[in-house]
Protein chains: 2
Amino acid sequence: MRKLPHTNLYLREEEIRRGIELLYFAYRDFTKDPDDILAKAGFGRAHHRVLYFVGRNPGTTVSGLLSVLRITKQSLSRVLGQLIEEGFIAQNTGLKDRRQRLLHLTPKGQEFEKQLFDTQRDRVADAYKTAGPDAVAGFWEVLFHIVNESERATVLHQIEK
Amino acid sequence: MRKLPHTNLYLREEEIRRGIELLYFAYRDFTKDPDDILAKAGFGRAHHRVLYFVGRNPGTTVSGLLSVLRITKQSLSRVLGQLIEEGFIAQNTGLKDRRQRLLHLTPKGQEFEKQLFDTQRDRVADAYKTAGPDAVAGFWEVLFHIVNESERATVLHQIEK
DNA sequence: CAAATAAGTCAGTATTGCTGACACAATAAC
DNA sequence: GTTATTGTGTCAGCAATACTGACTTATTTG
């Protein structure tokens, strides 16, 4: 058995740690602006996720939301209930299946979601602009492959909507 | 004042939302493996962060950790205290400034941190390998510019260590 | 009709942030 | 050398978010 070429494990580890750290720092700051707005409205990050994905997938069901968010029904129930009660999200009984509750943002919910989205849009748009289109493509590509293989079909379906 | 060229806002928004969603899904799966290992040891994600940054910056102080993690002293105190008590982290009185507690991982802490790191290393290494070096450079570049401008110097100092 | 599914609910637990207040030792400033 | 500042630690309480487990109701499906 011949010797394999030496792969520089130290360099490799440095590159991995760089990705881990950038992911941590970027995610930390990325969530900060919406978190501050949410806190003033008496909400938290979980409310943002629900507003976001309901806004992005109008007519989705509770179970649809659960499979995107990968949290328990009980956890979702609390935040979704609050958003419905305060008039940010409305539900209609499903037409095909009357057990379903089809969810969508109310005008109030749309306005609030836009406010949250705008802070992240500005941040990401600036980063895209500075880094350039090739970098953006790489950014998508790496993130996509960090997602669990079993989840990639769902993610692809979501991001290409 | 002449008319500005029309920037396609719809396309733009789709690209931004793609980044937002990939960041969410990738981060969700990226934290899952360590979270499971941590849960078995009776720890949470906050413990991981402390182990990670102490491991990465041996000899760091409590205030050094606070400025990297951007959490309160009280929040850090709880998890750091547990990690010290259970023998994952040790502290030495600072030589120059005897108020400081210089933190480092014990062998037990190093072993545990490696276990956590390995799951993320495998995930990120696979993503890097699939996406290729140019994509990885773009991934770093975009993430770096998503970080708050005011934090970029600190982040750069950290990732280039 | 029986089984499965979609949704909702109640109760309890753990983690991780936060604020505010206070204490102590060591260092720096005057 | 007294005073102010800094690094660290601690107590107490609060809030958001996630979890498990058990159970109900309405509706659809086989």
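Throughout, a chain's letter reflects where its sequence line sits, starting with A, and its residues are numbered from 1.
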Taking only side-chain nitrogens and oxygens of S63(B), does any of them come within less than 4.0 Å of OP1 or OP2 of dG7(D)?
no
Kindly list each side-chain donor-acceptor pair under 3.5 angstrom involving residues 76-93 of chain A, sequence neighbours excluded, with atom names and distances?
| residue | atom | partner | partner atom | Å |
| --- | --- | --- | --- | --- |
| Q82(A) | OE1 | H47(A) | NE2 | 2.6 |
| N92(A) | OD1 | H104(A) | NE2 | 2.8 |

The side chain of D97(B) lies closest to which of these nucleotides: dA26(C), dT8(D), dT27(D)?
dA26(C)
Assert: residue with more 5' nearest nucleotide on DNA chain D, out of R78(A) and K73(A), is R78(A)
Hey, which of D33(A), D35(A), L51(A) is the one that makes side chain to side chain contact (heavy atoms under 4.5 Å, CB included) with L116(A)?
L51(A)
Classify the nucleic acid contact of Q91(B) as base, sugar-phosphate or nothing, counting any heavy atom under 4.0 Å across all strands shown.
sugar-phosphate
Could you work out which one of dT16(C), dT20(D), dC18(C) sits closest to the side chain of Q74(A)?
dT20(D)
Angle between the two end axes of the helix from dC1(C)-dG30(D) to dC30(C)-dG1(D), five base pairs per end, rounded to 10 degrees?
30°
Nearest-nucleotide check on DNA chain D, V79(A) vs R99(B); residue mapping nearer the 5' end is R99(B)
Aromatic ring pairing F139(B)/Y128(B), orientation class (parallel under 30°, perpendicular over 60°, tilted between)
perpendicular
For I71(A) and dC19(D), what is the distance between atoms CD1 and P respectively, to the nearest whole Å?
6 Å
Distance check needed: dT16(C) P versus L80(B) CG, whole Å only.
13 Å
Which of the following nucleotides, dT9(C), dC22(C), dG17(C), is nearest to the side chain of A46(B)?
dG17(C)
I'd like to know if R101(B) reaches the base of dT8(D) with its side chain such that a donor and an acceptor end up less than 3.5 angstrom apart.
no
H47(A) has its side chain closest, among dA6(C), dT17(D), dT8(D), to dT17(D)
Given the side-chain rings of Y27(B) and F30(A), with only the six-membered ring counted for Trp, is the space between their centroids under 6.0 Å?
no
